[in-house]
Protein chains: 2
Amino acid sequence: MTLRETFAANLRRYRKAVGLSQEELALRAQIDRTYVSSLERCQYAATLDVIEKLAAELGVDPVELLATPDIDKLST
Amino acid sequence: MTLRETFAANLRRYRKAVGLSQEELALRAQIDRTYVSSLERCQYAATLDVIEKLAAELGVDPVELLATPDIDKLST
DNA sequence: GTGTGACTAATAGTCCGTT
DNA sequence: CAACGGACTATTAGTCACA
């Protein structure tokens with residue numbers, strides 16, 4: 001599991017947890033709609049700047065988006 | 001404090017903790033010496049790929065390089 | 001051993017539309 | 001609503017000479 005894969009999975013997981021579409025999240029974070037899609041499909045290695053933006057809109061610490069999810073905490 | 005600033009500071013801090021010069025770290029991570037210098041001076045928003053490389057050479061979890069340092073833990 | 005400017009190559013990131 | 005493509009621009013990745 002690479003870091004960008006971990007990030008991709010977490011991004012999708014947190015986005016859904018918050019109940020946002022890729023489109024809405026992108027709009028709020030002021031990044032491109034198709035780019036969020038690309039990130040979740042692990043196409044790019046995101047920079048710290050966009051990670052920071054996305055984390056802010058998801059209401060989580062950027063670190064959470066890179067951490068290996070604790071099995072116990074996963075709800076749905 | 002932006003995320004890239006946090007990363008820059010942590011990179012330098014952990015590098016010194018491990019007792020490596022920018023030169024040595026760069027050599028081991030197979031990246032350029034001056035590029036490590038640039039990152040520590042916060043010139044770029046690093047991508048997940050290089051963060052992963054550097055963390056590996058420093059022997060820390062990538063998450064550690066992005067976390068806000070716990071005041072209590074700072075030794076020197 | 002580190003900081004800096006200049007430079008090229010690669011990729012991050014945008015914007016268009018289609019499936 | 002999301003995956004995917006192509007063409008495009010902005011920024012990072014990576015190297016070098018020199019202070």
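All values below come from the heavy atoms of this structure, side chains included, with hydrogens, waters and symmetry mates left out. Chain letters run A, B, ... following the sequence lines, proteins first and then strands; every chain starts at 1.
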May I ask you to evaluate whether A/Arg12 reaches the phosphate of D/dC1, defined as a side-chain N or O under 4.0 Å from OP1 or OP2? no
Does a nitrogen or oxygen in the side chain of B/Arg41 sit under 4.0 Å from OP1 or OP2 of C/dT2? no
Within-4.5 Å side-chain heavy-atom neighbours: B/Asp61 and A/Leu66: no
Backbone of A/Ala67 reached by a side-chain donor or acceptor of A/Asn10 within 3.5 Å: yes
So, does A/Glu57 use its side chain to make a donor-acceptor pair with the main chain of A/Leu54 at under 3.5 Å? no
Starting at CD of B/Glu52 and ending at C1' of D/dT12, how long is that distance when rounded to a whole Å? 17 Å
Student check: side-chain heavy atoms of A/Gln22 and A/Leu25 closer than 4.5 Å: no
Annotated protein contacts, base or backbone, on nucleotides 5-14 of chain C with a non-hydrogen cut-off under 4.0 Å, one of B, S, - each: -------SBB
Report for the helix from C/dT2-D/dA19 to C/dC15-D/dG6: angle between first-end and last-end helix axes, five pairs each, rounded to 10 degrees. 30°
Rounded to whole Å, the CD-P distance (A/Glu40 to D/dC1) equals 14 Å
Short side-chain to backbone donor-acceptor contact, A/Ser37 and A/Arg33, under 3.5 Å: no
Interface with DNA chain C, restricted to residues 14-25 of chain B and to heavy atoms under 4.0 Å: B/Arg15, B/Ser21, B/Gln22, B/Glu23
For the pair B/Arg28 (side chain) and B/Glu23 (backbone), establish whether a donor and an acceptor sit closer than 3.5 Å, ignoring hydrogens and angles. no
Any side-chain donor-acceptor pair under 3.5 Å between A/Thr47 and A/Asp49? no
Has A/Ser37 got a side-chain N or O lying under 4.0 Å from the OP1 or OP2 atom of D/dA3? yes
A/Tyr14, A/Leu27: one ILVMFWY side-chain cluster at the under-4.5 Å cut-off? no
Can you check whether A/Leu3's main-chain N or O pairs, donor with acceptor, with B/Glu52's side chain at less than 3.5 Å? yes
Rounded distance [0.5 Å steps], CZ in B/Arg13 versus OG1 in B/Thr6: 10.5 Å
Salt-bridge present (B/Glu24, B/Arg15; N to O < 4.0 Å): no
